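It should be emphasised that the depicted structure is a prediction, and the values quoted were computed from it without experimental measurement. When a ligand or atom number is given, it counts from 1 through the structure's own listing order.
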Amino acid sequence: AALTAAEATELDRLAEEGIRPGKLDDVIGQTRVREQISLLLEGARRRGASPDHLLLSGPPGLGKTTLAMIVAAELGVGMRQTSGPAIERSGDLAAILTSLGPNEVLFIDEIHRIARPAEELLYTAMEDFRVDVIVGKGPGATAIPLELEPFTLVGATTRAGLLTGPLRDRFGFLGQLEFYSDAELEAICTRSAGILDVAIDPAGAAEIAGRSRGTPRIANRLLRRVRDFAQVRADGVITAKVASDALALYDVDELGLDRLDRAVLRALCGTFNGGPVGLTTIAVAVGEQPDTVEEVCEPFLVRAGLLARTPRGRVATAAAWHHLGLNPPNAEGL
Ligand code: ADP
């Protein structure tokens with residue numbers, strides 16, 4: 001898997017456990033969502049009830065799981081974690097729901113991918129803390145209502161719009177996570193380095209932050225690779241030079257592009273003179289599947305302002321030419 005991918009690998013999951021912020025006050029950035037959650041929790045605490053269900057949306061690696069764990073920690077209760085794709089039958093979900101202790105948190109990642117019958121079971125569970133378990137088949141089937149302990153559901157999804165209306169409406173709180181600024185990512189690198197017990201100077205943290213694509217998970221992953229380099233090839237301190245040498249070795253450039261991202265830009269500018277050119281043509285030029293180019297490379301190239309999708313095909317922006325150290329063709333005489 002690419003170092004710059006936002007999705008978690010098994011290794012990330014293990015490495016991330018130790019460095020997750022455990023309290024709302026330790027969360028860096030996301031000031032808006034953090035303040036909203038803090039209010040929600042305080043309100044519930046004063047009323048002595050469990051808080052409304054929370055839906056957190058945003059791209060992978062921005063802190064949805066972390067915030068769910070923090071909600072449970074701040075409430076002083078346990079958290080059960082599952083994911084939409086893991087719940088295949090409504091019985092799977094009923095089993096989880098009936099096993100929750102009072103006021104516990106249930107975290108469902110990728111909740112938009114939950115199967116329809118399970119989703120319907122979730123409606124009454126969220127609204128009335130009740131599930132109707134169907135016993136028997138055909139005309140003789142009966143629904144037996146089962147009381148649940150009050151619980152708080154934290155759902156995570158990449159985009160709130162992927163949820164069905166009825167499911168979305170049952171959340172009392174919708175928190176939209178944003179990409180992080182370089183300064184926030186720098187603070188995250190410095191905090192994580194402290195936990196990993198490796199020395200880092202501000203310029204070193206800034207160097208990693210700038211290549212992290214606005215995403216804490218990527219910042220932490222790059223930091224782990226830079227740490228190896230600092231300890232094996234340097235004197236153990238992460239400086240700007242150590243970070244940039246290490247990340248050059250791993251093919252992550254100053255903007256956080258990897259080898260394939262750059263190959264796409266080079267094909268676009270070098271071979272096709274900036275476009276417009278079709279996705280398939282680019283894919284062939286870089287020896288990849290069109291899906292990979294479209295789903296793995298393009299979202300960030302577009303977000304970074306390097307590539308534009310137009311009705312006639314993909315186009316390199318002036319920033320793309322500059323990033324490759326080239327002059328845009330129509331900039332002559334400007
Ligand atoms: P998601 O569930 O959105 O994919 P995670 O909650 O698993 O993302 O976060 C990925 C990693 O990034 C975690 O290991 C966590 O330590 C780190 N992280 C995320 N958000 C923050 C933050 N606001 N401050 C510090 N670290 C963060």
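Within the listing of ligand 1, atoms 20 (N), 21 (C), 22 (C), 23 (N) sit less than 4.0 angstrom from a heavy atom of Tyr180. Below 4.0 Å from some heavy atom of Thr66 lie the following atoms of ligand 1, by number and element: 5 (P), 6 (O), 9 (O), 13 (C), 15 (C). Atoms of ligand 1 lying under 4.0 Å from at least one heavy atom of Val27, given by number and element, are 23 (N). Near Ile19, the atoms of ligand 1 lying under 4.0 angstrom from a non-hydrogen atom of the residue are 16 (O). Applying the 4.0 Å criterion to heavy atoms of Asn220 picks out, from ligand 1, the atoms 12 (O), 16 (O), 17 (C). Of all atoms in ligand 1, numbered sequentially from 1 with element shown, those under 4.0 Å from a heavy atom of Pro60 are 4 (O).
For Gln36, there are no side chain to side chain donor-acceptor pair (under 3.5 Å) partners, not counting sequence neighbours.
Ring geometry, Phe151 versus His53: the interplanar angle falls from 30° to 60°, so the pair is classed tilted.
Scanning the protein for heavy atoms near atom 7 (O) of ligand 1, the closest one is Arg217 NH2, 2.9 Å. For atom 4 (O) of ligand 1, the closest non-hydrogen atom of the protein is Gly61 N, 2.8 Å. If you check which protein heavy atom lies closest to atom 25 (C) of ligand 1, you get Pro21 CG, 3.5 Å. Among protein heavy atoms, atom 23 (N) of ligand 1 sits closest to Ile28 O, 2.7 Å. For atom 8 (O) of ligand 1, the nearest non-hydrogen atom of the protein is Gly63 N, 3.1 Å.
The proximity of Thr65 to ligand 1, defined as any non-hydrogen pair under 4.0 Å, involves the side chain as well as the backbone. The residue Leu177 has no part lying near ligand 1, judged by heavy-atom distances below 4.0 Å.
For Asp245 and Lys241, the salt-bridge test passes: some basic side-chain N is under 4.0 Å from an acidic carboxylate O. We find that Glu127 and Arg170 are joined by a salt bridge, their nearest charged nitrogen and carboxylate oxygen being less than 4.0 Å apart. Checked for salt-bridge contact, Arg80 and Glu104 miss the test: no charged N lies under 4.0 Å from a carboxylate O. For Glu294 and Arg314, the salt-bridge test passes: some basic side-chain N is under 4.0 Å from an acidic carboxylate O.
Across every non-hydrogen atom of Phe300 and Leu257, the tightest pair is CE2-CD2, 3.5 Å. For Leu326 against Cys269, the heavy-atom pair with the smallest separation is CD1-CB, 4.3 Å. Here the shortest heavy-atom pairing between Leu223 and Ala193 reads CD2-N, 3.6 Å.
Ser192 and Asn220 share a donor-acceptor pair across their side chains, judged by distance under 3.5 Å alone. A donor-acceptor contact closer than 3.5 angstrom is absent between the side chains of Arg159 and Ser57.
More than 12 heavy atoms of other residues, nucleotides or ligands sit less than 6.0 Å from atom CZ of Arg309.
Between the choices Glu16, Met69, Arg191, the shortest heavy-atom distance to atom 14 (O) of ligand 1 belongs to Glu16.
Using a non-hydrogen distance threshold of 4.0 Å, Ala156 does not register as a contact of ligand 1. Ligand 1 has no atom lying under 4.0 Å from any heavy atom of Gly29.
For a threshold of 3.5 Å applied to N or O pairs, the pair formed by Asp26 and ligand 1 contains no separation below that value. Looking at ligand 1, you'll find an N or O of Arg20 within less than 3.5 Å of one of its N or O atoms. For ligand 1, the polar-atom distance check finds no N/O of Pro59 at less than 3.5 Å from any of the ligand's N/O atoms. Of the N or O atoms in Pro216, none lie within a sub-3.5 Å distance of an N or O in ligand 1. For Ile188, no nitrogen or oxygen atom sits less than 3.5 Å from a nitrogen or oxygen atom of ligand 1, counting backbone and side chain alike.
Remark: of the listed residues Glu110, Arg113, His112, Lys64, His112 is the sole one forming a side chain to side chain donor-acceptor pair (under 3.5 Å) with Thr157.
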